[in-house]
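Written out below as structure tokens is the structure these notes cover.
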Protein chains: 2
Amino acid sequence: MKIGELATRTGVSARAIRHYEKAGLLSAGRLLNGYRDFGDEAVAEVKHVVRMIRLGFSLEEIATFPACMFTGGAAVLCPVALQAHRDKLAEIELLIAELEERRDRLLATLKAAAQQSAEAARAASRTQEATGP
Amino acid sequence: MKIGELATRTGVSARAIRHYEKAGLLSAGRLLNGYRDFGDEAVAEVKHVVRMIRLGFSLEEIATFPACMFTGGAAVLCPVALQAHRDKLAEIELLIAELEERRDRLLATLKAAAQQSAEAARAASRTQEATGP
DNA sequence: CTAAACCTTGACGTCAGTGTCAAGGTCAAG
DNA sequence: CTTGACCTTGACACTGACGTCAAGGTTTAG
């Protein structure tokens, strides 16, 4: 099939598919007129690439995975891919931890601000008492 | 003080300080020779900018904060800044949720792979039984 | 024949925060 | 006067996954 059909069948833009091919994630034959010619398996491959991207892998990382990732139909993970997944998991957990730290700092800032504004309100009410009834 | 001193006193590169100034986060006078001339308060301002960046704000976001962020010495938050902090908090929590989803998908993938390899091992052992003793 | 739809490669734009080089002005010490 | 340290502006480099435009060849339906 040509790139347009692959694009519609996978929901990925033709531009992205060319990008994947240039990155070595996809292989395509060529028709006599130079058009890319993909086999049916390309649909699964593209979907697999999309899954990997959603898992947080970069194209470069995906490119380092050996052929075993595709020969197995995307369900079986060879040791290399397995380790890559574990590494990525650790990386994501680190990211989560960093974001949680950031969140906590923000919460602390907001809490301190709330306390300050409460004190300001008390001070204001005291002032009002003094000048009021 | 000139930019070099401000850089060493804040631990921020002179390049970054010029960038902050161009972004409108810092204001500096000029000496007769064209050199930037910062006041002592610039040290606190730069450190404040760094804190904001670490909280996840972009320079553009920081630039939208009104002067109240600096006049109070960085402890008092005006309503606008307060809302910005709340927005950023929500944004970060969304990011965390996305990462957790990604992590869970990764865990699921790894779990499935472990199960598959266990089954493969069982199948292998059965094969060995059949051909073995 | 022609317009529409599809394909090709190449290359710049995006977002953010700098690093880094270029080419030059300024200033203090020797 | 010279060297070296410090300052100036301007502009390109980098990361990543594409979007998008350019300029053109191919195919198909009418």
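In this text, all values refer to a predicted model and were calculated from it rather than measured experimentally. Letters go in sequence order (proteins before strands), and every chain restarts at 1.
Among all heavy-atom pairs drawn from B:K47 and B:T10, the shortest one is CE-CA, 4.4 Å. Taking all atoms of both residues into account, the shortest heavy-atom contact from B:I62 to B:V49 is CD1-O, 4.1 Å.
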Which pairs of donor and acceptor atoms, one on a side chain in residues 11-24 of chain A, lie under 3.5 Å apart (sequence neighbours left out)?
from: A:S13; atom 1: OG; to: A:A16; atom 2: N; distance (Å): 3.0
from: A:E21; atom 1: OE1; to: A:R36; atom 2: NH1; distance (Å): 2.4

Listed pairs under 3.5 Å, donor-acceptor, residues 90-105 of chain A side chains, sequence neighbours left out:
from: A:E91; atom 1: OE1; to: A:K88; atom 2: NZ; distance (Å): 3.4
from: A:E91; atom 1: OE2; to: A:K88; atom 2: NZ; distance (Å): 3.2
from: A:E101; atom 1: OE1; to: A:R105; atom 2: NH1; distance (Å): 3.4
from: A:R102; atom 1: NE; to: B:R54; atom 2: O; distance (Å): 3.2
from: A:R105; atom 1: NH2; to: B:R54; atom 2: O; distance (Å): 3.3

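Every residue meeting the side-chain contact (heavy atoms from CB on, under 4.5 Å) condition with A:R86, not counting sequence neighbours, appears here in chain and number order: A:L82, A:Q83, B:L110. Residues meeting the side-chain contact (heavy atoms from CB on, under 4.5 Å) test with B:S58, sequence neighbours left out: B:E60, B:E61. Residues passing the side-chain contact (heavy atoms from CB on, under 4.5 Å) test with A:S27, sequence neighbours excluded: none. For A:F57, the ring pair (Phe, Tyr, Trp, His ring centres under 6.0 Å) test picks out A:F65, A:H85, with sequence neighbours left out.
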Protein-nucleotides 27-30 of chain D N/O pairs under 3.5 Å:
from: D:dT27; atom 1: OP1; to: A:N33; atom 2: ND2; distance (Å): 3.3

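Contact of the B:Q115 side chain with the B:K111 side chain is not registered, since no non-hydrogen atoms from C-beta on lie closer than 4.5 Å. For the pair A:L25 and A:V46, the minimum side-chain heavy-atom distance is 4.5 Å or more.
Of the residues near DNA chain C, B:E60 and A:R30, the one whose nearest nucleotide (by heavy atom distance) lies more toward the 5' end is A:R30.
Nucleic acid contact class of B:I53 (heavy atoms, under 4.0 Å, all strands): sugar-phosphate only.
Computed from coordinates, the B:I3 CD1 to D:dC6 C1' distance equals 11 Å when rounded to whole Å. Summarising the geometry, the separation between CE on B:M1 and P on D:dC6 is reported as 16 Å, rounded to the nearest angstrom. For the pair A:E61 CD and D:dA17 P, the interatomic distance rounds to 9 Å; values are reported in whole Å.
Taking a 4.5 Å side-chain heavy-atom cut-off between Ile, Leu, Val, Met, Phe, Trp and Tyr, the cluster of A:L32 contains only that residue. Other cluster members for A:L31: A:Y35, joined by side-chain heavy-atom distances under 4.5 Å among Ile, Leu, Val, Met, Phe, Trp and Tyr.
A heavy-atom distance below 4.0 Å to DNA chain C is reached by these residues of residues 7-22 of chain B, ordered by number: B:S13, B:R15, B:A16, B:H19, B:Y20. Taken residue by residue, residues 93-100 of chain B places no heavy atom nearer than 4.0 Å to DNA chain D.
In 5' to 3' order, the nucleotides of DNA chain C bounding all contacts with chain A (an atom under 4.0 Å from a heavy atom) are C:dC6 to C:dA11.
Side-chain atoms of B:D37 never come within 3.5 Å of backbone atoms of B:A28 as a donor-acceptor pair (strictly under, hydrogens ignored).
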